[in-house]
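To start, the structure itself, in structure tokens.
So that the names make sense, note that chain A is the first sequence line, chain B the second, and so on, each numbered from 1. It should be emphasised that the depicted structure is a prediction, and the values quoted were computed from it without experimental measurement.
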Amino acid sequence: MYYLCSLITVIEMEKLVEKNIVDAMAELYGHDIDVADVQIQPTRKEFEGDITLVVFPLLRYSGKSPEDTAGELGNYIINSNPGIISYNVIKGFLNMKVSHAAWLDEFISLWADRAVSRFDSSQGKTILIEYSSPNTNKPLHLGHIRNNLLGFSLARILSACGHRVYKTNIVNDRGIHICKSMLAWQLFGEGKTPSDTGMKGDHFVGKYYVEFEKAYKKEISELMSEGLSAGEASGRSELMAGARQMLRKWEAGDSDTVELWKRMNGWVYEGFDLTYEALGVDFDRIYYESDTYKPGREIVMEGLEKGIFYRKEDGSVWVNLASDSLDEKLLLRADGTAVYITQDLGTAVQRYKDFKFDRQYYVVGNEQNYHFQVLKLILEKLGYEWAGGIHHFSYGMVNLPEGKMKSREGKVVDADDLIDTMIITAREMSDELGKLHDYGDEEKSKIHRKIGMAALKYFILKVDPRKNMMFNPRESIDFNGRTGPFIQYTYARIRSLMRLAEEKGYTVEDIDSDVIINEKETELVKLLRQYKDVVSEAAALLNPSVIANYAYDLAREFNQFYHDYTILGEKVPELRNFRIALSEYTGKIICSSMNLLGIEMPDRM
RNA sequence: GGUUCAGUAGCUCAGUUGGAUAGAGCAACGGCCUUCUAAGCCGUAGGUCGCAGGUUCGAAUCCUGCCUGAAUCACCA
């Protein structure tokens, strides 16, 4: 019956070894142990072998030294399991080598499963992902890029795992900030529009926001030079008064103000759409704060009636969260106007009505941890049973070498500028290498765009989302090494191989089961078989970087393989077929992984 | 001050459920293009895993204390 072992994959082999160990413990030491006590793990690369047993937990049953126990267990296994061809013992670790046949079968079973990302969707949940969440008074910056990439990738990953995922965006389209831009445009804009000036709409409106701040600063310093304190000066500022006046008029529904507001926001949206398109992100449903702040107010009033909230003497409405070791929190101002959290309450309730989600993830920076803690608590207090399903996906800040980004001080890395720079750099590098000489300009620029965006996206997504990250505009983004373009390059090589294979008429239908596979090939198969686990882990941890780092490891392993072995030139057809299949499958997995990050792969570069 | 998070090579980052000699890339130095794409491959060098205790056969990982940094504790969003 031993010949059957050639049909056993490595996964099955691991299970078999587990069972062998349980048997061995009973037979050698007379102890019945639980399978959970058997610690099997992949052997580290530095050591010889494929699977490793950690024997330390078993010592109390064997009563012998780690080395002796491992040796005796190794002996038992090699005699009872012909799929294990050798073993070695280092300290308390028993490294076992799995037969080539098992590794080959492992790959053949992967290869047979042509649908790479076939996940069980029967347990799929309805998941809402809110991300992006821009303000409409200025263009997107690097921080938004991290947000957008994380949100989009998260949606892809959860979706790949069989969930029903909806991407949403809440646009912060109302408030004093947009009024500042509106007022500045009225004062200094001379009736110009983005199309008059050739500017992108969001940059155009952002320009007036900056002009407002400049003029306001000037006004304040003039007032202060007349002897007023900073507080008095801001109180006397005509510009600020004008902006506030505008906000009141907007809330009152003044038609001219609303008209201007619509017009300027429209410009901004046109600009945002271009940036979103360049980033390759999209949304299933967009919410606007101007629609949700009023329902939010009603929710607060309901809570007030139910006695969950309370009113202070000045008429403002509060919630006391002291019992949850938090502070009291304002929900409505004395004049009845909404604050930040008011509209978030409205949005959350509206979204549940719209989607009946099981879970909702808010992709928002970690500076708002407190806010989302409060939001969830309040929703729970209000008795919404779905509140338990909301979760703040909190990501770290993007820091610049000079410190934190401050949009008001112009210390930002503009999203559009950065994207352009990336694509231009990709083009320069590509032209220098000259590999696309036979391509037309349009085809070339498509590829340059893919490469530039891959560099940017990978740079951001490879780091753990929770951590703050450093971005040095000059040095950070690279096209060599652990980068998106490197992975794309590996993929392009594989595609090139496949084209050549096709030209030569090599088609792989079946892989010969007599092939003896070597170390490098085994290493590749080891990585390939982890794909689904990696995606599941990324989904469970809500961490795209798990996939980013996996994709790099895979690409690197393939490059080594590519360098060391002939793939197409092999004289033995069985081996050639196997290597073509291995290459093609590796390409597929690399491509799938990168697509989960929202990174497009070029066939050539 | 309270809360939360972080601290790993000169720099940017990985490091699985606690497991072996802590890994990549960049920067530096030295090799590889007559061979399926050199955006590559190989090698050299680089570490008191913030510090000190504790738990454990075993700690970068878990616990406690301290040091440093970030965010937050708004009638801003």
Side-chain angles (χ1 to χ4, degrees), chain A residues 39 41-47 52 54-57 59-60 65-66 90-93 95 133 135 137 172 174-177 289 312 314 316 318 325-327 329-335 337-341 343-344 365-371 373 394 396-397 399 403-404 426 429-430 432-433 435 451 455 459 462-464 466-472 475-476 478-490 492-501 504 530 533-534 537 541 545-546 548-549 552-553 555-556 559-560 562-570 579-580 583 604-605:
Chain A
Q39 279 191 47
Q41 55 189 240
T43 303
R44 294 217 164 186
K45 247 184 154 180
E46 316 85 88
F47 301 98
T52 291
V54 185
V55 299
F56 291 108
L59 297 183
R60 57 195 171 115
S65 75
I90 296 169
K91 294 185 181 172
F93 298 88
N95 302 320
S133 316
N135 290 354
N137 63 324
N172 179 19
R174 51 147 239 131
I176 193 77
H177 51 85
E289 197 195 327
K312 285 197 177 177
D314 65 357
S316 56
W318 296 73
S325 63
L326 294 172
D327 225 336
K329 183 86 185 169
L330 177 83
L331 300 176
L332 271 183
R333 295 193 187 95
D335 61 5
T337 57
V339 291
Y340 182 35
I341 202 153
Q343 65 90 9
D344 265 352
N366 63 13
E367 56 194 347
Q368 294 189 33
N369 286 353
Y370 181 74
H371 172 78
Q373 207 181 341
S394 167
M397 305 281 92
N399 294 318
K404 199 195 167 185
M429 281 188 87
S430 177
E432 207 172 301
L433 293 167
K435 291 177 185 172
I451 298 170
F459 178 80
K462 75 177 175 187
V463 328
D464 188 327
R466 292 169 305 159
K467 292 186 179 175
N468 290 351
M469 63 181 287
M470 176 62 67
F471 182 83
N472 187 330
E475 297 167 12
S476 284
D478 210 333
F479 290 74
N480 302 313
R482 197 182 192 91
T483 66
F486 168 81
I487 300 168
Q488 288 180 319
Y489 167 73
T490 309
R493 268 179 158 180
I494 293 173
R495 297 308 307 157
S496 166
L497 263 178
M498 293 308 131
R499 283 192 296 272
L500 266 174
K504 293 188 177 183
Q530 289 172 17
D533 291 343
V534 167
E537 190 189 342
L541 300 174
S545 80
V546 172
N549 289 312
Y552 174 78
D553 290 345
R556 188 182 147 80
N559 262 326
Q560 292 171 7
Y562 184 96
H563 189 261
D564 286 0
Y565 299 102
T566 309
I567 294 166
L568 295 180
E570 185 55 58
R579 287 181 179 168
I580 290 173
S583 303
R604 271 187 63 180
M605 64 184 278

Under the ring-ring contact (aromatic ring centres under 6.0 Å, His included) rule, collect the residues that match up with Phe479(A), sequence neighbours excluded.
none

If you look at every strand shown and take non-hydrogen atoms under 4.0 Å, does Leu326(A) touch a base, only sugar-phosphate, or nothing?
nothing

Tyr562(A) side chain: which of rA71(B), rA38(B), rA20(B) is closest?
rA38(B)

Name the nucleic acid region contacted by Thr566(A), choosing base, sugar-phosphate or nothing; use a 4.0 angstrom heavy-atom cut-off, strictly under.
base

Want to settle it: does Ile90(A) or Arg333(A) sit nearer the 5' end of RNA chain B, counting the closest nucleotide to each?
Ile90(A)

Among rG25(B), rA71(B), rC76(B), which is the nearest nucleotide to the side chain of Arg556(A)?
rG25(B)

Treating a pair as Watson-Crick (purine N1 to pyrimidine N3 plus N6-O4 or O6-N4) or G-U wobble (N1-O2 and O6-N3) with both distances under 3.5 Å, list the stems of 3 or more consecutive pairs that involve RNA chain B.
B:1-7 with B:67-73, B:10-13 with B:23-26, B:28-32 with B:40-44, B:50-54 with B:62-66

P atoms of rU68(B) and rG40(B), separation to the nearest Å
42 Å

Output all residues satisfying salt bridge (charged side-chain N to carboxylate O under 4.0 Å, His left out) with Asp478(A), sequence neighbours left out; order by chain, then residue number.
none

Under 3.5 Å, is there a donor-acceptor pair between the side chain of Ser583(A) and the main chain of Arg579(A)?
yes

Within the modelled atom types, does a donor on one side and an acceptor on the other bring the side chain of Asp564(A) and the base of rC41(B) under 3.5 Å apart?
no

For Asp314(A) versus Ala334(A), what's the shortest heavy-atom pair and its separation?
O-CB, 3.2 Å

Partners passing side-chain hydrogen bond (donor to acceptor under 3.5 Å, both in side chains) against Thr337(A) (at least two apart in sequence or in another chain)
Arg333(A), Asp335(A)

Length of the CD-C1' vector between Glu367(A) and rG69(B), whole Å
17 Å

Between rU16(B) and rG7(B), how far is it from one P atom to the other, in whole Å?
12 Å

I want to verify the glycosidic state of rC66(B); is it syn or anti under the 90° rule?
anti

Specify the separation, in whole Å, of atom CD of Gln41(A) and atom P of rA20(B).
8 Å

Pairwise C1' distance for rA71(B) and rG30(B), with rounding to whole Å:
46 Å

Nucleotide of rA77(B), rG40(B), rU37(B) approaching Asn480(A) most closely (side-chain heavy atoms)
rG40(B)

Using only side-chain N and O atoms of Arg44(A), determine if any of them is under 4.0 Å from OP1 or OP2 of rA20(B).
yes

Regarding Thr483(A), tell me which of base, sugar-phosphate or nothing describes its non-hydrogen contacts under 4.0 Å with the strands shown.
nothing

Describe the nucleic acid contact of Leu433(A) in one word from base, sugar-phosphate, nothing, applying a heavy-atom distance below 4.0 Å.
base

Look at the side chain of Asn95(A) against the base of rA20(B) and say whether a donor-acceptor pair falls under 3.5 Å; ignore hydrogens and angles.
yes

Can you identify which nucleotide, out of rA20(B), rU4(B), rA6(B), has its nearest atom closest to the Lys91(A) side chain?
rA20(B)

For Val463(A), all residues meeting side-chain contact (heavy atoms from CB on, under 4.5 Å), sequence neighbours excluded:
Arg146(A), Met469(A)

Under a 3.5 Å cutoff, is there a donor and acceptor pairing between the side chains of Asn95(A) and Arg44(A)?
no

Closest listed nucleotide, where the reference is the side chain of Gln39(A) and the choices are rG19(B), rC73(B), rA77(B)
rG19(B)

Heteroatom pairs (N/O) under 3.5 angstrom, protein to nucleotides 12-14 of chain B:
unit_1	atom_1	unit_2	atom_2	d
rC13(B)	OP1	Met470(A)	N	2.5
rA14(B)	OP1	Asp464(A)	N	2.4
rA14(B)	OP2	Lys467(A)	NZ	3.2

Atom pairs, N/O to N/O, protein against nucleotides 29-35 of chain B, distance under 3.5 Å?
none

From the list rG25(B), rU16(B), rC36(B), which nucleotide is the closest neighbour of the side chain of Tyr552(A)?
rG25(B)

Indicate whether OP1 or OP2 belonging to rU37(B) is found under 4.0 Å from a side-chain N or O atom of Ser496(A).
yes

Distance, P atom - from rU56(B) to rG23(B), rounded to whole angstrom:
28 Å

If you measure from the ring centre of Phe93(A) to the centre of the six-membered ring in the base of rA20(B), is it under 5.5 Å, with the planes under 30° apart?
yes

Looking only at atom P, what distance separates rU4(B) and rC66(B), rounded to whole Å?
14 Å

Applying ring-ring contact (aromatic ring centres under 6.0 Å, His included) to Tyr340(A) and not counting sequence neighbours gives His371(A)

Tell me whether Phe56(A) and rG19(B) count as stacked here, given that the ring centres must be under 5.5 Å apart and the planes must differ by less than 30 degrees.
yes

Gln560(A) vs rC42(B): side-chain N/O to OP1/OP2 distance below 4.0 Å:
yes

Has Phe486(A) got its ring stacked on the base of rG40(B), with centres under 5.5 Å and planes less than 30° apart?
no

I'd like to check the side-chain contact (heavy atoms from CB on, under 4.5 Å) partners of Ala501(A); sequence neighbours left out, ordered by chain and number.
Tyr506(A), Leu568(A), Ile580(A)

Quote, to the nearest angstrom, the P distance that separates rC42(B) from rC33(B).
16 Å

Assign Thr490(A) to base, sugar-phosphate, or nothing according to its heavy-atom contacts below 4.0 angstrom with the strands shown.
nothing

5' priority, RNA chain B, between Arg493(A) and Gln343(A) [closest heavy atom]:
Arg493(A)

Residues which pass ring-ring contact (aromatic ring centres under 6.0 Å, His included) with Phe56(A), listed by chain and number, not counting sequence neighbours:
Phe93(A)

Ignoring hydrogens and geometry, is there a side-chain-to-backbone donor-acceptor pair from Asn468(A) to Met397(A) under 3.5 Å?
yes

Listed nucleotide nearest any side-chain atom of Asn172(A), set rG40(B), rA20(B), rA77(B)
rA77(B)

Rounded distance in Å between the P positions of rU44(B) and rU55(B):
39 Å

The side chain of Gln368(A) is closest to which nucleotide in this list: rA77(B), rC41(B), rC26(B)?
rA77(B)

If you measure from the C1' atom in rU3(B) to the same atom in rG46(B), how many Å do you get, rounded?
39 Å

Do Arg495(A) side-chain atoms and Arg604(A) backbone N/O form a donor-acceptor pair below 3.5 Å?
no

Among rC26(B), rC73(B), rG40(B), which is the nearest nucleotide to the side chain of Tyr489(A)?
rG40(B)

OP1 or OP2 of rC36(B) versus the side-chain N and O atoms of Arg495(A): is any pair under 4.0 Å?
no

Proximal nucleotide (of rG25(B), rG19(B), rA20(B)) relative to the Val54(A) side chain
rG19(B)

Shortest non-hydrogen pair, Ala455(A) vs Pro485(A), comes out as CA-CD, 3.6 Å

Contacts of type side-chain contact (heavy atoms from CB on, under 4.5 Å), residue Pro57(A), not counting sequence neighbours:
Gln39(A), Val54(A)

Counterpart residues, side-chain hydrogen bond (donor to acceptor under 3.5 Å, both in side chains), relative to Asn172(A) (two or more places apart)
Asn135(A), His177(A)

